[in-house]
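What follows is one structure encoded as structure tokens, with my remarks underneath.
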Amino acid sequence: MGVLEIHHLSKNFGGTQVINDFSLKITELTLCCLVGPNGAGKTTTMDLISGRQKPSSGQIVFRNDDITGLGEHEIARRGIGRKFQVPAVFRDLSVRHNLEVAFSRETNPFRNMMHRKPKGLREKLDEVLQLTGLGSRLETEAGVLSHGETQWLEIGMVLMQNPSILLLDEPVAGMTESEIENTIKIFNRLKKTNTLIVVEHDMAFVREIADVVTVMHMGSLLAQGTIGEVEADPRVRDVYLGDPED
Amino acid sequence: MSGVVAKARVEKAGMTNLYHSKTAQWAVYAVFFVAVGVVPLITSDSFLLNQFAVYGVYAMLAVSISLGWGFGGILNLGQGIAFGLAAYGMGMTMQMQSQDPVSSPIPPFMLNNSLDHLPALWVPFSNTTLGIILALAVPTLFYVIFGTLVFAARVSGPFIAIMTLAVLSALNTLIIDMQPYTNGVNGLTPPSPLKLFGADIDPYGATSYWIVFGLLVLTTCGAKLLTQSKFGLVTQALRGDPERVRFLGYNVAVYETVIYAISGFIAAVAGCCFVMLVQYVSPAQLDTNFSIGMVIWVGIGGRFSLIGSIIGALMIQGGQSYLGDQFLNSWLLVLGGFFILVVRFLPKGLAGLLETVLGMVGTRRRSSPLPQAAGAADMPSQ
Ligand SMILES: Nc1ncnc2c1ncn2[C@@H]1O[C@H](COP(=O)(O)OP(=O)(O)OP(=O)(O)O)[C@@H](O)[C@H]1O
Ligand SMILES: [Mg+2]
């Protein structure tokens with residue numbers, strides 16, 4: 001029984017079939033990497049799970065609840081957190097404020113008028129700062145962070161939400177080698193307590209973190225398995241990985 | 001003041017800009033309100049006092065715009081909707097206070113429009129308490145309904161500006177057209193001042209000044225506390241990127257509606273005060289130029305700062321009445337030019353200029369932050 005199950009998902013934009021009868025089961029406390037060539041439909045799949053787009057047909061089930069077609073905020077409240085391909089942080093707010101907003105245990109506007117620092121915020125903030133190393137940048141305006149730091153910040157924001165499943169779209173794009181090393185450590189730690197779906201093109205990175213690799217091609221499932229199985233699959237090499245010398 | 005400076009520095013060791021210190025901000029509020037509060041003790045010129053009280057009304061309007069636009073990202077060109085509706089509610093209440101159920105049950109202008117009994121619309125305003133409650137509740141409710149419809153449909157920024165302006169304009173026309181009920185373009189001129197708890201509130205007296213002053217302090221400090229709450233933080237986030245806020249679990253449309261309605265409520269309070277002070281209300285209060293003018297005050301003063309917005313309103317309205325008399329024709333031109341300059345070179349208004357200056361002062365006091373910032377970018381985060 002998967003924590004998140006996608007059944008026969010399809011999506012077309014004005015006649016173009018972008019997702020085509022795609023099904024996927026995500027097991028609790030695993031890290032699943034979603035890979036595939038540009039335009040394969042990886043981001044669109046995340047859009048459909050998180051409610052940014054409504055599927056043309058198919059069903060998305062999270063913890064035995066049908067969440068197909070729910071609003072973005074309702075899906076987020078159920079415990080699905082999302083990081084975007086183009087990092088989306090609040091650029092004119094400080095790093096601290098970005099993380100505070102993301103701590104969304106209480107979402108009622110009137111109750112949120114009564115306080116600034118809700119219970120549990122401090123502990124969560126400390127935990128996330130420790131993980132992301134943004135402690136020295138707390139008062140910095142998010143708009144001036146480096147690319148890698150911005151990625152960290154958005155990952156940190158998702159963690160502040162305390163989601164049970166994290167959808168991370170290209171989290172290491174633009175990071176330096178040492179930053180990627182760090183991310184590998186963090187993700188391997190995270191998957192002990194969380195379920196993650198990570199979209200990434202960097203196969204070296206995928207090799208280090210993935211429990212399961214799912215390959216998409218033209219909106220459909222092409223292959224699935226361990227990194228070894230997938231890399232040995234001739235169809236995957238054909239459409240995505242190319243020749244063995246990387 | 002130096003005590004405040006020192007304390008603010010210690011409090012936020014990581015921050016150098018005094019502008020962002022909460023202590024310093026509240027200190028500025030305290031200084032401003034004390035300065036404004038002592039006016040009746042200094043002057044006995046009742047005309048001046050009345051005019052200053054009217055500036056207090058403009059200040060409330062500035063706070064309401066800053067809250068909605070600066071902190072909620074809602075560019076509202078139709079704040080005259082709340083201001084004007086409340087003003088009419090107050091005008092009707094004051095008008096009914098001077099009617100007598102037996103000898104003159106209905107306002108004279110209605111007789112001229114051949115009405116022979118009080119229209120149902122007016123009946124609740126015979127009761128002062130109910131009248132004032134309605135004057136505040138109707139506009140607020142209007143904002144709740146309009147906001148719910150517009151924000152749930154995810155109408156984008158520029159369209160909200162156009163829609164608020166259009167609704168204001170329609171309401172203005174409606175009031176003019178409903179001549180028998182509103183006295184059309186002439187508006188209402190209640191013959192005597194507002195009576196509260198049996199006493200006349202002389203518009204030129206200290207009491208009315210204190211009432212407006214008290215309400216200004218309440219609304220401004222309430223708005224300030226709101227911006228400092230978690231609610232205010234969420235609205236500041238959604239002002240930049242509403243889409244992203246949804247994925248954090250917040251219902252963005254509800255947050256937008258709430259801040260829009262609170263902004264409308266403050267404008268409604270201002271509308272009531274205005275009629276108390278000037279003893280008339282006309283469609284001019286719903287004039288589109290006036291509502292756009294409010295946005296100009298706030299744009300120039302600094303929409304991200306409540307007190308900056310107030311200063312903007314006082315400067316421009318003050319300038320208009322003291323300079324404008326001489327250059328009445330060129331005043332609008334000057335104002336327009338000034339606004340364009342501010343938008344172009346100071347997107348955060350005069351308050352933003354202060355922020356930049358204080359930031360530079362703070363930076364100079366600290367030892368070279370630039371290499372540190374550059375170093376942090378390629379430092380491996382641990
Ligand atoms: N809103 C949209 N309207 C029309 N077409 C869209 C829309 N969003 C995505 N597409 C198309 O759907 C296809 C899949 O896009 P998607 O962004 O999901 O790919 P991806 O796998 O994330 O690619 P990449 O690796 O480049 O990020 C692309 O051909 C894209 O042009
Ligand atoms: Mg993508």
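These values consider heavy atoms only, across backbone and side chains, with no hydrogens, waters or symmetry-generated copies. Below, chain A is the first sequence line, B the second, and so on; all start at residue 1.
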Note to self: Using heavy-atom distances under 4.5 Å, tell me whether A:V158 contacts chain B through its side chain, its backbone, both, or neither.
What the structure shows: side chain
Next item on the list: Please test A:R52 against B:F247 for side chain to side chain contact (heavy atoms under 4.5 Å, CB included), starting from the C-alpha separation and ending with a verdict.
Entry: CA-CA 9 Å; A:R52 191 173 189 216; B:F247 292 95; 3.6 Å; yes
Notebook entry, point to check: For the atom pair CD (A:E139) and CG (B:N17), what is the distance rounded to the nearest 0.5 Å?
Noted result: 12.0 Å
Notebook entry, point to check: Can you tell which of A:H73, A:E72, A:M113 has the highest number of heavy-atom pairs within less than 4.5 Å of chain B?
Noted result: A:H73
Next item on the list: Evaluate the side-chain proximity of A:L93 to B:Q236: yes if any heavy-atom separation is below 4.5 Å, no if none is.
Entry: yes
Item checked: A:F62 CZ: over 12 foreign heavy atoms closer than 6.0 Å -> yes
Margin query: Check this for me: B:F159, atom CZ, are more than 12 non-hydrogen atoms of other residues, nucleotides or ligands nearer than 6.0 Å?
Written below: no
Note to self: Once rounded to the nearest 0.5 Å, what's the spacing between atom OG of A:S50 and atom CZ of B:R246?
What the structure shows: 12.0 Å
Check: Between B:V252, B:V258, B:V234, B:N251, which shows the greatest number of heavy-atom pairs under 4.5 Å with chain A?
Finding: B:N251
Check: Measuring from A:F84:CZ to B:D241:CG, what's the distance to the nearest 0.5 Å?
Finding: 8.0 Å
Notebook entry, point to check: So which part of B:V245 gets closer than 4.5 Å to some heavy atom of chain A, the side chain, the backbone, both or neither?
Noted result: both
Check: In terms of heavy-atom pairs under 4.5 Å, which option from A:G135, A:A76, A:P163, A:G81 contacts chain B the most?
Finding: A:A76
Checklist line | More than 12 heavy atoms from other groups under 6.0 Å of CZ on A:R116 | finding: yes
Margin query: For the CZ atom of A:F103 and the CG atom of B:L248, what is their distance to the nearest 0.5 Å?
Written below: 12.5 Å
Next item on the list: Give, as side chain, backbone, both or neither, the part of A:E74 having an atom under 4.5 angstrom from any heavy atom of chain B.
Entry: neither
Checklist line | Name of the residue among B:T257, B:V254, B:I259 meeting side chain to side chain contact (heavy atoms under 4.5 Å, CB included) with A:P109 | finding: B:V254
Next item on the list: Go through the atoms of A:N108 and report whether side chain, backbone, both or neither lie under 4.5 Å from a heavy atom of chain B.
Entry: backbone
Notebook entry, point to check: Is the CD atom of A:E123 crowded by more than 12 outside heavy atoms at less than 6.0 Å?
Noted result: yes
Note to self: How long is the straight-line distance from CZ of A:R111 back to CZ of B:F231, given to the nearest 0.5 Å?
What the structure shows: 14.0 Å
Notebook entry, point to check: Where on B:L226 is there a heavy atom nearer than 4.5 Å to chain A: the side chain, the backbone, both, or neither?
Noted result: side chain
Note to self: Please determine whether side-chain hydrogen bond (donor to acceptor under 3.5 Å, both in side chains) holds for the pair A:N112 and B:Y255, giving the CA-CA distance in whole Å, both sets of side-chain angles, and the decisive distance to 0.1 Å.
What the structure shows: CA-CA 10 Å; A:N112 274 335; B:Y255 274 78; 2.9 Å; yes
Next item on the list: Begin with the C-alpha distance, continue with both residues' side-chain angles, and end with the deciding distance and a verdict on side chain to side chain contact (heavy atoms under 4.5 Å, CB included) for A:N98 and B:R244.
Entry: CA-CA 11 Å; A:N98 270 276; B:R244 185 69 185 89; over 6 Å; no
Note to self: Distance check, rounded to the nearest 0.5 Å: B:Y250 atom OH versus A:R77 atom CZ?
What the structure shows: 9.5 Å
